[in-house]
Enquirer: 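One structure coming up, written as C-alpha cells, with questions to follow.
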Amino acid sequence: MALPPFLRALEGYDSTFAQEIEKIASLSFQENSLDERTRTLIALALDTVLGASEGVASLASQARRLGISDQEIADTLRLAYFTSGCSVLKTSFAAFDKKE
C-alpha cells in the first residue's frame, strides 16, 4: 500500500521514515483474518473519532467502491459516535461529587 495522500509530503522530509510508515500501512491493510470491508469500516470509524475528515472522505469512497452501502457507512459512524461519546460522558462525571 502506498502512503496515504496526506502523508506523501513526508517523503520529501524523511524518506527513510516514509518507507517505514508505508510498510506499516501495508501491514495494517494487507489481507488477514479481517476482510477488506471490515478493515475499511474500522479505519473509517477510527478516522471519524480522530477528526480526520480527509481520511473519512477517502475511506467512505473506498468503502463505496467495495460495495459498502451508505446505510452500512452510517451504521459505522453511529457506532463511532457512541463509543467516543460515552467516553466523554463518563469523563464528565468527574465534575460532580459522587453520590453513594
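Because the structure is predicted, anything quoted here is derived from the model rather than measured. Excluded from the calculations below are hydrogen atoms, water molecules and symmetry mates; all remaining heavy atoms, backbone and side chain alike, are included.
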Enquirer: Ignoring hydrogens and geometry, is there a side-chain-to-backbone donor-acceptor pair from Thr91 to Val88 under 3.5 Å?
Expert: no
Enquirer: What closest approach, in Å, do Leu3 and Leu7 show between heavy atoms, and which atom pair accounts for it?
Expert: CD1-O, 3.8 Å
Enquirer: About how many Å separate CG of Leu79 and OG1 of Thr48, when rounded to the nearest 0.5 Å?
Expert: 11.0 Å
Enquirer: Please indicate whether Gln30 has more than 12 foreign heavy atoms, meaning atoms of other residues, nucleotides or ligands, lying under 6.0 Å from its CD.
Expert: yes
Enquirer: To the nearest 0.5 Å, what is the distance between CZ (Phe29) and CD (Glu36)?
Expert: 9.5 Å
Enquirer: Side chains of Thr16 and Asp14: does their closest heavy-atom pair fall under 4.5 Å?
Expert: yes
Enquirer: Flag the pair Lys23 / Ser26 as yes when at least one side-chain heavy-atom distance between them is below 4.5 Å, and no otherwise.
Expert: no
Enquirer: Can Ser69 and Glu72 be counted as having a side-chain donor-acceptor contact under 3.5 angstrom?
Expert: yes
Enquirer: Can you tell me how far CG of Leu66 sits from CZ of Arg37, rounded to the nearest 0.5 angstrom?
Expert: 7.5 Å
Enquirer: At what distance, to the nearest 0.5 angstrom, does CD of Glu22 lie from OG of Ser15?
Expert: 11.5 Å
Enquirer: For the residue pair Val49 and Ala80, what are the closest heavy atoms and their distance?
Expert: CG2-O, 3.7 Å
Enquirer: How far does OG1 of Thr40 sit from CG of Asp35, to the nearest 0.5 angstrom?
Expert: 8.5 Å
Enquirer: Would you say Leu77 ends up clustered with Leu41 if hydrophobic residues are merged whenever their side chains have heavy atoms under 4.5 Å apart, either directly or through other cluster members?
Expert: yes
Enquirer: Any side-chain heavy-atom pair from Asn32 and Arg39 closer than 4.5 angstrom?
Expert: yes
Enquirer: Is there a donor-acceptor contact under 3.5 Å from the side chain of Ser58 to the main chain of Gly55?
Expert: no
Enquirer: Is it the case that more than 12 heavy atoms not belonging to Tyr81 sit under 6.0 Å from its OH atom?
Expert: no
Enquirer: Set out, in order, the CA-CA distance, both residues' side-chain angles and the distance that settles side-chain contact (heavy atoms from CB on, under 4.5 Å) for Arg64 and Ile73, then state yes or no.
Expert: CA-CA 9 Å; Arg64 289 182 183 98; Ile73 292 170; 4.0 Å; yes
Enquirer: In Å, rounded to the nearest 0.5 Å, how long is the span from OG of Ser84 to CG of Leu89?
Expert: 10.0 Å
Enquirer: So do the side chains of Gln62 and Leu44 get within less than 4.5 Å of each other, counting heavy atoms only?
Expert: no
